[in-house]
Every structure is written in C-alpha cells, then in structure tokens.
Amino acid sequence: MQNYFRSIGLIARANAVIGNRVFKPDDLQSNQFIYLMRIVENPGITQTELADQLHVDPSTCLRTVRKLTDNDFVERQLDSHNKKLRLLKATAKGQAMYPALRKYEQSILTAGTAGLSTGEKALLEELLGKVAANIRDFQHEQK
C-alpha cells in the first residue's frame, strides 16, 4: 500500500523550497511567504490563531512574525476590546506582495494538477480537505 502522506509531505516541502527561492529577492525566506499570505487574507488574526492555522509551534510562529515585522511586511496592533491581544495586519509593503503570492500559489496549483480533469481536481480538493480535517482533529487529540 502506498503511503499517501509521503506524497503530501513532498508537495509541502517542494512548495516551501520553490517559494523560498521565488521570494528570496523580496526578503521573504524560511516560509515567510506562507505566513504573509495568511495574514493578508485574515487581517487582525492573532499569532495564536496563525500558528494554529499553519499547524506550527507557537515559538516558530513568533520568530517568523518577528522577521516579517522587522522587514515591514506586517505590523502588530492592539485589539480595541482586549488590550492583551496583538492583532497582525499586513503593512502596505505586505499588501503589495499579495498579487505575487497569489500568482505563485496559482502556478503551483496549475503545475501540481496538470493533466487532471475538472472532476479529478474537485475530488482531490474534497479528499484533501477531509484528510486535513482528520489530521487537525488528531493533532488536537494529541495535545
């Protein structure tokens, strides 16, 4: 029986390696492009929520967000209702990167699904969504 998770891991690693190479001239390294994309798409997300969405350790998330703030891609803002929360928002520089991030994401999707029919792509999306939900549940059970 084939280990499907090896294929998923290969896809994730290839995306990271290629993305890091593509965005290195923009000072986005070590998967920062993935974090920036999520922050742009979810303005006001907390660092805890971001770490949870990306399934990364909170300390890894902290270091990456710190680099994004140091390079003026992201800023932290106080929550008006809860002064303990620091909300993450993309700066103008971070927002300006979004079209390139989306273009990269689309190019990876196009390359990865080359030769698949529309139905196969829909089925792949559905099945991977189920696998992701199962892993998310499993991860929470392990805490």
Side-chain angles (χ1 to χ4, degrees), residues 1-114 116 118 120-143:
M1 174 192 248
Q2 182 178 353
N3 186 337
Y4 304 106
F5 288 102
R6 289 184 183 181
S7 296
I8 293 169
L10 179 137
I11 294 165
R13 286 188 302 281
N15 177 46
V17 168
I18 297 166
N20 287 336
R21 189 175 329 127
V22 167
F23 295 110
K24 186 176 183 176
D26 299 301
D27 282 331
L28 288 173
Q29 302 166 23
S30 304
N31 300 326
Q32 293 171 12
F33 69 97
I34 297 169
Y35 289 72
L36 179 57
M37 189 166 203
R38 293 291 174 100
I39 294 167
V40 172
E41 292 173 344
N42 300 282
I45 191 170
T46 66
Q47 196 168 290
T48 302
E49 292 166 337
L50 181 62
D52 192 48
Q53 258 191 32
L54 295 174
H55 298 278
V56 296
D57 184 76
S59 61
T60 301
C61 188
L62 171 67
R63 284 190 301 274
T64 303
V65 169
R66 188 175 293 145
K67 289 176 186 174
L68 288 169
T69 58
D70 289 348
N71 287 323
D72 196 35
F73 287 107
V74 171
E75 62 186 5
R76 297 174 193 268
Q77 296 179 346
L78 286 176
D79 185 309
S80 60
H81 302 293
N82 183 346
K83 299 296 181 190
K84 292 181 182 179
L85 290 180
R86 301 267 180 168
L87 307 178
L88 302 174
K89 294 190 178 179
T91 62
K93 181 179 177 183
Q95 289 282 347
M97 283 298 303
Y98 190 68
L101 297 171
R102 288 284 299 143
K103 182 179 177 184
Y104 170 72
E105 181 181 58
Q106 191 56 53
S107 71
I108 285 291
L109 287 171
T110 299
T113 58
L116 297 181
T118 302
E120 289 170 326
K121 290 176 187 178
L123 179 60
L124 178 64
E125 184 174 4
E126 178 185 346
L127 294 175
L128 286 175
K130 288 179 180 181
V131 170
N134 290 341
I135 295 299
R136 204 172 7 260
D137 292 345
F138 179 75
Q139 182 181 21
H140 289 297
E141 290 170 7
Q142 301 304 307
K143 287 184 178 179

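When a residue number appears, it is its place in the shown sequence, counting from 1.
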Would you check if the side chain of Y104 reaches a backbone N or O of G19 as a donor-acceptor pair within less than 3.5 Å?
yes

Using atom types as modelled and distance alone, determine if a side-chain donor or acceptor of N71 lies under 3.5 Å from a backbone N or O of F73.
no

Does the side-chain contact (heavy atoms from CB on, under 4.5 Å) test come out yes or no for T64 and N31, once each step is laid out?
CA-CA 8 Å; T64 303; N31 300 326; over 6 Å; no

How far apart are the C-alpha atoms of L28 and M97, what are their side-chain angles, what is the distance that settles it, and do they pass the side-chain contact (heavy atoms from CB on, under 4.5 Å) test?
CA-CA 10 Å; L28 288 173; M97 283 298 303; 3.8 Å; yes

Do you know which two heavy atoms are closest between L68 and L36, and how far apart they sit?
CD1-N, 4.1 Å

Looking at every heavy atom in both D26 and V22, which two are closest together, and how far apart are they?
OD2-O, 4.3 Å

Can you name the side chain to side chain contact (heavy atoms under 4.5 Å, CB included) partners of H55, sequence neighbours left out?
R136, Q139

Given side chains that start at C-beta, do those of L78 and R86 come closer than 4.5 Å, heavy atoms only?
yes

Kindly compute the distance separating OH (Y35) from OG1 (T60), expressed to the nearest 0.5 Å.
6.0 Å

Counting only heavy atoms from other residues, nucleotides and ligands, does the tally under 6.0 Å from NZ of K121 exceed 12?
yes

So does Y98 get a backbone contact from the side chain of R102, meaning a donor-acceptor N/O pair under 3.5 Å?
no

Min side-chain heavy-atom separation I45-R38 under 4.5 Å:
no

Calculate, to the nearest 0.5 Å, the distance between atoms CG and CD belonging to L85 and E49 respectively.
8.0 Å

For the atom pair CD (Q95) and CG (L101), what is the distance rounded to the nearest 0.5 Å?
10.5 Å

Under the 3.5 angstrom rule, does the side chain of N20 hit a backbone N or O of Q29 as a donor-acceptor pair?
no

Nearest 0.5 Å, what's the OG1-NZ distance between T69 and K67?
11.0 Å

Value for CG (N42) from CG (L87), rounded to nearest 0.5 Å, stands at 12.0 Å

Separation between CD1 (I8) and CZ (R13), nearest 0.5 Å, reads 11.0 Å

In a table with atom names and distances, give each donor-acceptor pair under 3.5 Å that connects a side chain of residues 125-133 to protein atoms at least two apart or in another chain.
from, atom 1, to, atom 2, distance (Å)
E126, OE2, K130, NZ, 3.4

V40 and A90: which non-hydrogen atoms are nearest, and at how many Å?
CG2-CB, 3.6 Å

With sequence neighbours left out, write down each residue that passes side-chain hydrogen bond (donor to acceptor under 3.5 Å, both in side chains) with Q32, or none if nothing qualifies.
none

In terms of heavy-atom contacts, P58 and A51 come closest through CA-CB, 4.3 Å

